[in-house]
A.B. asks: 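My structure is below; once you've seen it, I'll send some questions.
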2 protein chains.
Amino acid sequence: MKIEKEFITDEAKELLLTDSIILQAYNEVKTSICSPVWPMKSKIFTINNIEKNCNGVVPIKELCYTLLEETYNWYREKPLDVLKLEKKKGGPIDVYKEFIKNNDLKRVGMEFETGNISSAHRSMNKLLLGLKRGEIDLAVILMPIKQLAYYLTDRVTNFEELEPYFELTEGHPFIFIGFNAEAYDPNVPLIPKGSDGMSKRSIKKWKDKIGNK
Amino acid sequence: MKIEKEFITDEAKELLLTDSIILQAYNEVKTSICSPVWPMKSKIFTINNIEKNCNGVVPIKELCYTLLEETYNWYREKPLDVLKLEKKKGGPIDVYKEFIKNNDLKRVGMEFETGNISSAHRSMNKLLLGLKRGEIDLAVILMPIKQLAYYLTDRVTNFEELEPYFELTEGHPFIFIGFNAEAYDPNVPLIPKGSDGMSKRSIKKWKDKIGNK
DNA sequence: TATGGATCCATA
DNA sequence: TATGGATCCATA
């Protein structure tokens with residue numbers, strides 16, 4: 001997979017220039033989102049473009065999550081205190097990591113969005129809530145660009161459709177990343193839809209880490 | 001239908017106390033959301049509660065829209081300039097009216113939310129964008145409360161599930177209204193799902209008004 | 001029961 | 001093609 005579009009708020013730009021652990025976080029994210037390949041034994045991600053909406057989305061995230069969790073030690077499903085403890089309502093952040101260096105702690109929350117475009121608004125709002133409440137220091141959303149989304153499940157999140165709303169994150173460190181396949185080819189296998197494509201690998205959840213403390 | 005929960009930001013409270021046309025808008029909205037009945041010849045809204053998720057949602061909005069459009073002269077599908085003209089991306093606001101009195105113009109944008117809960121985040125974000133850009137002066141979201149939503153299509157918007165995110169609208173005049181059925185009865189007809197329940201009545205669209213100018 | 005998601009529909 | 005929506009699924 002490759003990164004093709006990006007929007008970085010001024011606050012995030014400033015952090016990337018001045019904070020080496022934030023830069024490390026950003027590099028881990030970029031390496032991870034570029035790691036998915038298709039078909040599985042290929043070196044690049046080639047999407048079947050035989051017709052509109054012909055591919056499912058679930059397996060796309062697989063390798064990215066694996067790298068984040070197993071190589072870079074990010075966690076999955078980190079609850080926000082504001083939702084879990086204070087309001088007792090609302091689910092966790094998709095991916096999360098705490099970076100510590102020289103007594104400086106930086107917490108990064110990320111959402112890998114392949115759900116319906118409306119779901120991306122919830123992801124953005126959740127990360128924004130985490131930023132406003134000071135529970136994370138940087139927010140990231142990963143999503144396909146429109147050109148790729150055309151061949152995925154109808155109405156999945158795409159960079160261009162969320163873009164008009166990026167300005168709602170102004171004043172906060174936020175990074176939006178739009179990824180694309182390296183190649184389009186009607187002869188590669190279709191990505192299965194439905195639960196067939198669901199990975200059975202158990203995920204590295206935040207609550208398991210907490211439980212082990 | 002009846003109003004059972006409500007959240008009004010400080011800015012909206014202030015407007016309601018000081019601006020008589022905003023108060024009028026609010027009263028029109030309240031009267032309209034209370035107007036739906038079921039079954040159609042009844043005086044109240046009684047929902048079939050035979051089992052979880054047994055009713056569709058589309059016909060619920062019917063009478064509310066009718067009153068807003070035909071009695072109170074609200075319009076449907078008002079585009080925001082920021083989306084339509086500037087960013088050339090994104091759809092219109094669901095319901096809209098301009099109130100004018102003594103040379104004072106107040107524009108109210110509203111969304112009647114019966115889509116998936118994630119869709120309510122988009123509605124909120126769109127109205128917020130309209131407020132931040134100064135294209136509307138008051139935003140309103142209408143949605144079922146959880147108790148009612150339990151008997152509607154799975155995962156439809158409900159007041160309680162959006163509630164943790166209300167604080168993202170702080171600093172702006174925003175009103176959230178949660179409605180409920182007056183009665184629950186397993187013997188009233190189910191509200192049909194799918195397009196069967198879709199009204200064929202043509203709606204009073206903003207662009208038609210503009211076109212007639 | 002609660003929650004994020006995945007999928008396809010209807011209309012312009 | 002673009003966009004809001006309606007519906008049901010999977011998992012905890």
Side-chain angles (χ1 to χ4, degrees), chain A residues 52-61 76-77 79-80 83-84 87-95 111-123 125-126 146-147 149-150 152-158 160-162 164 191-200 202-203 205 207-208, chain B residues 52-61 76-77 79-80 83-84 87-95 111-123 125-126 146-147 149-150 152-158 160-162 164 191-200 202-203 205 207-208:
Chain A
K52 187 171 188 284
N53 306 138
C54 59
N55 297 281
V57 297
V58 174
I60 294 177
K61 310 188 249 195
R76 300 289 305 282
E77 304 189 12
L80 289 176
L83 294 177
K84 185 78 174 182
K87 308 201 173 177
K88 298 178 175 58
K89 190 84 188 158
I93 286 179
D94 187 23
V95 196
E111 300 271 339
F112 194 145
E113 261 293 339
T114 56
N116 188 290
I117 174 67
S118 64
S119 187
H121 286 265
R122 174 175 49 209
S123 292
N125 287 168
K126 184 176 292 178
K146 193 173 86 164
Q147 186 193 9
Y150 187 84
L152 305 178
T153 299
D154 193 21
R155 308 302 290 117
V156 296
T157 297
N158 61 90
E160 290 84 347
E161 195 168 353
L162 189 62
I191 300 172
K193 290 185 177 186
S195 55
D196 294 345
M198 202 78 78
S199 163
K200 298 302 178 250
S202 76
I203 65 176
K205 293 190 182 172
K207 69 172 179 187
D208 301 330
Chain B
K52 186 171 190 284
N53 307 137
C54 58
N55 297 281
V57 296
V58 174
I60 295 178
K61 310 189 248 195
R76 300 290 304 283
E77 304 189 11
L80 289 176
L83 295 177
K84 184 79 174 181
K87 307 200 174 179
K88 298 179 175 57
K89 190 84 189 159
I93 286 179
D94 187 23
V95 196
E111 299 272 339
F112 194 146
E113 261 294 339
T114 56
N116 187 290
I117 174 66
S118 63
S119 186
H121 286 265
R122 174 174 50 206
S123 292
N125 287 167
K126 185 176 293 182
K146 192 172 87 163
Q147 186 194 8
Y150 187 85
L152 305 177
T153 299
D154 193 21
R155 308 301 292 116
V156 296
T157 297
N158 62 89
E160 290 84 347
E161 194 168 352
L162 190 62
I191 300 172
K193 291 184 176 185
S195 57
D196 294 347
M198 201 78 78
S199 163
K200 299 301 176 253
S202 76
I203 66 176
K205 293 190 184 171
K207 68 172 179 186
D208 300 330

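Letters A, B, ... mirror the listed sequences (proteins, then strands); counts begin at 1. Remember, predicted model here, so these are calculated numbers, not experimental data. Values below: every heavy atom of this structure, side chains too, minus hydrogens, waters and symmetry copies.
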A.B. asks: Can you find a side chain N or O atom of A:Lys126 that sits less than 4.0 Å from OP1 or OP2 on C:dT3?
C.D. replies: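 For C:dT3, neither OP1 nor OP2 has a side-chain N or O of A:Lys126 closer than 4.0 Å.
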A.B. asks: Salt bridge or not between A:Glu113 and A:Arg122? Use side-chain N to carboxylate O under 4.0 Å.
C.D. replies: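 The answer is no: the pair does not qualify as a salt bridge.
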A.B. asks: Distance-only, no hydrogens or angles: does the B:Arg76 side chain make a donor-acceptor pair with backbone N or O of B:Asp94 under 3.5 Å?
C.D. replies: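 Yes, B:Arg76 side chain to B:Asp94 backbone: donor-acceptor pair under 3.5 Å.
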A.B. asks: Output yes when at least one side-chain N/O atom of A:Lys193 is less than 4.0 Å from OP1 or OP2 of C:dC8, else no.
C.D. replies: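 Looking at the OP1 and OP2 atoms of C:dC8, one of them is under 4.0 Å from a side-chain N or O of A:Lys193.
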A.B. asks: Report the residues that fulfil side chain to side chain contact (heavy atoms under 4.5 Å, CB included) with A:Thr153, sequence neighbours left out, ordered by chain and then residue number.
C.D. replies: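 By the side chain to side chain contact (heavy atoms under 4.5 Å, CB included) rule, A:Thr153 matches A:Val57, A:Val156, A:Lys193.
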A.B. asks: Looking across every strand, which nucleic acid part, if any, lies under 4.0 Å from B:Glu113 by heavy atom: base, sugar-phosphate, or nothing?
C.D. replies: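 Sugar-phosphate only.
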A.B. asks: Five pairs per end, C1' atoms only: what is the angle between the end axes of the helix from C:dT1-D:dA12 to C:dA12-D:dT1, to 10 degrees?
C.D. replies: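 It works out to 30° between the end axes.
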A.B. asks: Using heavy atoms to find the nearest nucleotide of DNA chain C for A:Lys61 and A:Lys88 separately, return the residue whose nucleotide is more 5′.
C.D. replies: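 Nearest nucleotide further toward 5': that of A:Lys88.
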A.B. asks: Any side-chain N or O of B:Lys146 below 4.0 angstrom from OP1/OP2 of C:dT1?
C.D. replies: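 So the side chain of B:Lys146 is outside the cut-off, no N or O lying under 4.0 Å from OP1 or OP2 of C:dT1.
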A.B. asks: Has A:Thr153 got a side-chain N or O lying under 4.0 Å from the OP1 or OP2 atom of C:dC8?
C.D. replies: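 So the side-chain polar atoms of A:Thr153 never come under 4.0 Å of the phosphate oxygens OP1 or OP2 of C:dC8.
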A.B. asks: For a quick check, tell me whether the side chain of A:Asn116 and the base of D:dG5 share a donor-acceptor pair closer than 3.5 Å.
C.D. replies: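 For A:Asn116, whose side chain was compared with the base of D:dG5, there is a donor-acceptor pair (under 3.5 Å).
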A.B. asks: Ignoring hydrogens and angles, does a donor from either the side chain of B:Arg155 or the base of C:dG4 sit under 3.5 Å from an acceptor on the other?
C.D. replies: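 In this structure, the two groups form a donor-acceptor pair.
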A.B. asks: Closer to the 5' end of DNA chain D via nearest nucleotide, is it B:Lys89 or B:Asn55?
C.D. replies: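 Nearest-nucleotide comparison on DNA chain D picks B:Lys89.
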A.B. asks: Once hydrogens and angles are ignored, does a donor-acceptor distance under 3.5 Å link the base of C:dC8 to the side chain of A:Asn53?
C.D. replies: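 Check fails, no donor-acceptor contact within cut-off.
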A.B. asks: Rounded to whole Å, how long is the line connecting atom NZ of B:Lys205 with atom C1' of D:dG4?
C.D. replies: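 Atom-to-atom, B:Lys205 to D:dG4, this comes out as 12 Å.
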A.B. asks: Ignoring backbone atoms, establish whether A:Ser119 has a side-chain N or O less than 4.0 Å from OP1 or OP2 of C:dG5.
C.D. replies: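 Result: yes.
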A.B. asks: Quick test of your reading of the model: are B:Lys87 and A:Glu160 salt-bridged, counting only N-O distances below 4.0 Å?
C.D. replies: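 Not counted as a salt bridge, because no side-chain N and carboxylate O are separated by less than 4.0 Å.
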